[in-house]
**Q** 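My questions will all concern the structure given below.
All values below were derived from every heavy atom in this structure, side-chain atoms included, with hydrogens, water molecules and symmetry-related copies excluded. Keep in mind it's a predicted model, so treat the numbers as computed, not measured.
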Amino acid sequence: MPERQFVFDPRMLITGPFHPCPSCGLPQLGTLFISDNVHTRRCRGCFHIERERLPPLQKKMIYLDQMVLSGIAKELDPVWQEKTRRRDGFWVEAFDRIDRLIKLQLIVCPDSPIHEKESSSDDRYEAVLRRLYEHLASGVALRFPHEVLMAQLAEAFEAWFAGRDPDWTRVTREGVVHGGLDRWNDRTRVSVNMGHWPGQIENRRRSRDRAHEILGRHWKRWRSESQVSFEDRFQAERRGLAVEVLQSYAAYVERWHQVATGAVEIGDPQQLVPGSLVQLVTWVLSRLEEHNVPQEARIREVKRFLYSEPALSAPQNHLTAVLYSGLARRAAHGQKRVPSRGTPNDIDFISAYLPYCDAMFIDKEFDLLLSERPVAPKVEDYPTKIFSTRTRRDFLSYLDALEAEADPDHVDLVVRTYGETRTEPYRSMLEHERSRRTASL
């Protein structure tokens with residue numbers, strides 16, 4: 001086979017839209033790159049370079065449930081579409097509007113660890129789902145729910161120790177994501193798939209089944225506790241975090257003690273790695289030490305903090321307690337069906353991310369739950385707009401309104417910066433992803 005010579009031409013890196021060059025006059029001044037809200041242009045003819053600082057943005061953050069990603073992928077992926085043979089035009093309409101608003105720099109739809117976890121459950125469609133959620137995320141990813149909780153509890157601790165009320169605005173939406181939330185999107189992105197370590201997917205399935213089994217046991221107990229009021233349930237659920245943290249820390253200390261004394265042998269060193277709840281206690285202990293609290297009093301102070309109002313009122317703990325109390329109320333009022341296996345994940349992402357999102361498209365059951373009394377009054381302080389399949393037309397209207405309200409000068413700048421065609425929805429994305437993967441085999 002004859003050798004094929006590749007010659008690199010730096011002009012390949014310069015893309016449209018093209019404008020007249022102020023140096024040579026040729027219509028060859030195109031985009032070299034966009035980074036950190038700076039648009040760098042270069043001329044393909046004379047290599048003249050110029051930079052423009054782009055104005056600041058305030059994008060709406062919209063969280064899309066895994067069900068939304070699956071609905072869109074079933075329409076855009078030719079393999080999935082052929083398998084289901086069922087069409088739902090709403091998902092294409094939703095994708096068109098979402099993709100256009102992202103390209104108009106008006107919204108961001110970050111991906112999350114929940115997306116990665118749930119997409120990995122079926123290796124037939126994992127790649128196309130990842131391609132979709134990474135495309136919509138534009139390089140922005142939400143942190144793990146336990147990281148969001150840790151940030152809130154850090155503010156709660158400082159407030160508790162200082163004797164003031166927590167200022168939850170100190171945990172900003174920029175602080176709960178990786179990536180530039182309000183940055184102008186780069187023209188190119190690099191995605192690295194690290195794959196899964198051996199047994200990871202199976203461990204996730206077991207963990208999901210175990211969580212659902214625990215939920216089933218709670219459901220059975222809740223059905224027998226019709227005399228417990230919603231408010232009493234809510235207060236008990238709020239304190240559940242403190243109980244879980246202290247139990248986890250005690251078990252961790254006991255495990256280390258058994259290993260140190262030779263009472264047990266640990267085959268897997270991962271069993272000695274502290275989990276997020278244990279890390280929380282060690283962090284509080286270190287802060288108490290910094291504040292010169294005597295060592296013999298620190299564990300007692302940890303307990304006082306965890307049961308304090310600042311800790312109990314942390315937004316994620318508050319919302320988790322509200323959601324579980326709402327489910328318990330349904331069980332106590334006669335619902336026999338145990339919620340689905342995805343329920344713990346739904347509660348994780350709703351409680352972690354709702355305070356920071358402008359809108360969320362979630363499972364219909366949780367949309368209904370959040371709108372029921374007495375749940376609704378406990379979430380009314382959050383201005384987040386909630387949508388689901390029961391309000392699908394309202395969701396499209398919401399997206400339409402976001403574009404209609406956009407400043408015409410902003411839209412003109414987007415078109416000049418990225419080009420008219422770059423704002424068009426990329427419907428063939430998953431088809432191209434299938435072709436690319438086939439060609440690489």
**Q** Go through it in stages, so that I can follow the logic: the residues are Glu213 and Arg210, the test is salt bridge (charged side-chain N to carboxylate O under 4.0 Å, His left out), and I'd like the CA-CA distance, side-chain angles, deciding distance and then a yes or no.
**A** CA-CA 5 Å; Glu213 180 183 343; Arg210 190 161 54 248; over 6 Å; no
**Q** Run the side-chain contact (heavy atoms from CB on, under 4.5 Å) check on His39 and Thr31 step by step: do they pass?
**A** CA-CA 7 Å; His39 184 191; Thr31 295; 2.8 Å; yes
**Q** Donor-acceptor pair, distance only, cut-off 3.5 Å: does the side chain of Thr384 make one with the backbone of Leu354?
**A** yes
**Q** Is the side chain of Ser435 donor-acceptor paired with the backbone N or O of Glu431 at a distance under 3.5 Å, no angle test?
**A** yes
**Q** For a 4.5 angstrom cut-off between non-hydrogen side-chain atoms, does Arg183 reach Leu57?
**A**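 Sidechains of Leu57 and Arg183: no contact.
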**Q** Does CG in Asp165 sit with more than 12 non-hydrogen atoms of other residues, nucleotides or ligands closer than 6.0 Å?
**A** no
**Q** Would you mind telling me which of Leu181, Asp358, Asp182 makes a side chain to side chain contact (heavy atoms under 4.5 Å, CB included) with Lys59?
**A**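 Output: one option passes, namely Asp182.
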**Q** May I ask you to check whether over 12 heavy atoms, not counting those of Phe18, lie within 6.0 Å of atom CZ?
**A**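 Yes.
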**Q** Which heavy atom of Ile107 sits nearest a heavy atom of Leu402, and at what distance?
**A** CG2-CD1, 3.7 Å
**Q** If we only count heavy atoms from C-beta on, is the Val411 to Leu104 side-chain gap below 4.5 Å?
**A**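 Heavy-atom side-chain distance check passes, below 4.5 Å.
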**Q** Tell me, with the steps shown, if Arg392 and Glu93 meet salt bridge (charged side-chain N to carboxylate O under 4.0 Å, His left out).
**A** CA-CA 10 Å; Arg392 51 168 58 189; Glu93 288 186 68; over 6 Å; no
**Q** Is a side-chain donor or acceptor of Ser286 paired with a backbone partner of Trp283 at a separation under 3.5 angstrom?
**A** yes
**Q** Among Ile72, Leu129, Val128, whose side chain to side chain contact (heavy atoms under 4.5 Å, CB included) with Asp77 holds?
**A**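 Only one of Ile72, Leu129, Val128 forms a side chain to side chain contact (heavy atoms under 4.5 Å, CB included) with Asp77, namely Val128.
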**Q** Picking from Leu69, Val68, Leu132, what satisfies side chain to side chain contact (heavy atoms under 4.5 Å, CB included) with Phe95?
**A** Leu132
**Q** Using only heavy-atom distances, determine whether the side chains of His218 and Tyr324 contain a donor-acceptor pair under 3.5 Å.
**A** no
**Q** Show the nearest heavy-atom pair for residues Asp99 and Glu424, with the distance to one decimal.
**A**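 Smallest interatomic distance, heavy atoms only, reads OD2-O, 4.1 Å.
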**Q** Walk me through it: do Asp346 and Ile362 pass the test side-chain contact (heavy atoms from CB on, under 4.5 Å)?
**A** CA-CA 8 Å; Asp346 288 337; Ile362 63 175; over 6 Å; no
**Q** Would you confirm whether the ring centroid of Tyr63 sits within less than 6.0 angstrom of the ring centroid of His115?
**A**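 Between His115 and Tyr63, the centre distance is under 6.0 Å.
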**Q** Under 3.5 Å, is there a donor on one side chain and an acceptor on the other for Gln66 and Ser119?
**A** yes
**Q** Can you list the residues that meet the salt bridge (Lys or Arg N to Asp or Glu O under 4.0 Å) rule with Asp394, with sequence neighbours excluded?
**A**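 Asp394: no salt bridge (Lys or Arg N to Asp or Glu O under 4.0 Å) contacts found.
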**Q** Might you point out which heavy atoms bring Cys43 and Leu29 nearest each other, and give the distance in Å?
**A** N-CD1, 3.7 Å
**Q** If you round to the nearest 0.5 Å, how far is CG of Asp381 from NE2 of His318?
**A** 7.5 Å
**Q** Hey, are Arg130 and Glu126 close enough for a salt bridge, meaning a charged N less than 4.0 Å from a carboxylate O?
**A** yes
**Q** Parallel under 30°, tilted from 30 to 60°, perpendicular over 60°: which one fits the rings of Phe305 and Phe157?
**A**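 Answer is perpendicular, since the angle exceeds 60°.
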**Q** Quick one: do the Ser112 and Tyr353 side chains pair a donor with an acceptor below 3.5 Å?
**A**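 Side chains of Ser112 and Tyr353: no pair found under 3.5 Å.
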**Q** Among residues at least two apart in sequence or on other chains, which ones pass side-chain contact (heavy atoms from CB on, under 4.5 Å) with Leu368?
**A** Arg330, Lys364, Glu365, Arg390
**Q** Donor-acceptor pair, Arg143 side chain versus Gly175 backbone, under 3.5 Å?
**A** yes
**Q** Is there a donor-acceptor pair under 3.5 Å between the side chain of Arg44 and the backbone N or O of Ile14?
**A**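 Yes; at least one donor-acceptor contact below 3.5 Å.
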**Q** Would you say Ile34 and Leu54 make side-chain contact, with heavy atoms under 4.5 Å?
**A** yes
**Q** Quick one: are Val284 and Leu306 in side-chain contact, heavy atoms under 4.5 Å?
**A** no
**Q** How many angstroms lie between atom CD of Gln58 and atom CG of Leu106, to the nearest 0.5 angstrom?
**A**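 So the CD of Gln58 and the CG of Leu106 are separated by 12.0 Å.
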**Q** Could you point out which residue of Phe387, Phe349, Phe395 forms a ring pair (Phe, Tyr, Trp, His ring centres under 6.0 Å) with Phe361?
**A**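 Per the ring pair (Phe, Tyr, Trp, His ring centres under 6.0 Å) rule, the option paired with Phe361 is Phe395, out of Phe387, Phe349, Phe395.
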**Q** Check Asp167 against Arg164 and note the closest heavy-atom contact, atom names and distance.
**A** N-NH1, 3.8 Å
**Q** Does the side chain of Ser351 reach to within under 4.5 Å of the side chain of Gln316, using non-hydrogen atoms?
**A** yes
**Q** Would you say His212 and Thr343 are linked by a side-chain donor-acceptor pair, where the criterion is simply a distance under 3.5 Å?
**A**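 No, because no side-chain N or O of Thr343 sits under 3.5 Å from a partner of the opposite role on His212.
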**Q** If you measure from CG on Leu241 to CG on Leu312, what distance do you get to the nearest 0.5 Å?
**A** 8.0 Å
**Q** If you measure from NE2 on His146 to CG on Leu153, what distance do you get to the nearest 0.5 Å?
**A**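 The CG atom of Leu153 is 12.0 Å from NE2 of His146, to the nearest 0.5 Å.
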**Q** For the pair Lys117 and Asp348, find out whether any cationic side-chain nitrogen is under 4.0 Å from an anionic carboxylate oxygen.
**A** no
**Q** For Glu420, is the CD atom crowded, meaning more than 12 foreign heavy atoms sit under 6.0 Å from it?
**A**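 Counting neighbours around CD of Glu420, 12 or fewer heavy atoms of other residues, nucleotides or ligands fall under 6.0 Å, so no.
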**Q** Assess the residue pair Tyr356 and Leu142 against the criterion (side-chain contact (heavy atoms from CB on, under 4.5 Å)); give the C-alpha distance rounded to whole Å, side-chain angles, the decisive distance to 0.1 Å, and a yes or no.
**A** CA-CA 10 Å; Tyr356 309 100; Leu142 285 153; 5.8 Å; no
**Q** Taking the side chain as C-beta and beyond, is there a heavy-atom pair between Asp111 and Glu116 under 4.5 Å?
**A** no
**Q** Donor-acceptor check, side chain of Trp184 to backbone of Pro55, threshold 3.5 angstrom: yes or no?
**A**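 Pair found, side chain donor or acceptor close to backbone of Pro55.
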**Q** Between Gln105 and Asn185, is there a donor-acceptor pair closer than 3.5 Å when you use the side chain of the first and the backbone of the second?
**A**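 Side chain of Gln105 to backbone of Asn185, a donor-acceptor pair under 3.5 Å: yes, one is there.
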**Q** Report the distance from atom OH of Tyr426 to atom CG of Asp96, rounding to the nearest 0.5 Å.
**A**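 CG of Asp96 is found 14.0 Å from OH of Tyr426.
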**Q** Return the CD to CG distance between Glu147 and Leu149, rounded to the nearest 0.5 Å.
**A**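 Here the interatomic distance stands at 11.0 Å.
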**Q** Inspect the contact between Arg97 and Glu403 and indicate whether a charged nitrogen and a carboxylate oxygen are less than 4.0 angstrom apart.
**A**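 Salt bridge between Glu403 and Arg97, a charged N being under 4.0 Å from a carboxylate O: no.
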**Q** Can you name the nearest heavy-atom pair linking Lys60 to Arg173, along with the distance?
**A** C-NH1, 4.4 Å
**Q** Is there side-chain contact between Thr40 and Ser35, with heavy atoms separated by less than 4.5 Å?
**A** no
**Q** Do Ile386 and Phe366 make a side-chain contact, defined as non-hydrogen atoms from C-beta onward lying under 4.5 Å apart?
**A**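 Not in contact.
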**Q** Would you name the heavy atoms of Trp219 and Arg337 that are closest together and state the gap between them?
**A**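 Scanning both residues, the minimum pair turns out to be CZ2-O, 3.4 Å.
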**Q** Is Glu433 reaching over with its side chain to a backbone N or O of Arg131, donor-acceptor style, under 3.5 angstrom?
**A**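 No, because the side chain of Glu433 does not come within donor-acceptor range (under 3.5 Å) of the backbone of Arg131.
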**Q** Between Arg205 and Ser121, is there a donor-acceptor pair closer than 3.5 Å when you use the side chain of the first and the backbone of the second?
**A** yes
**Q** Take atom CZ in Arg373; do more than 12 heavy atoms of anything else shown fall under 6.0 Å from it?
**A** no
**Q** Would Lys378 pass as a cation-pi partner of Phe234, given that its NZ or CZ must be under 6.0 Å from the six-membered ring centre and within 45 degrees of the axis?
**A** yes
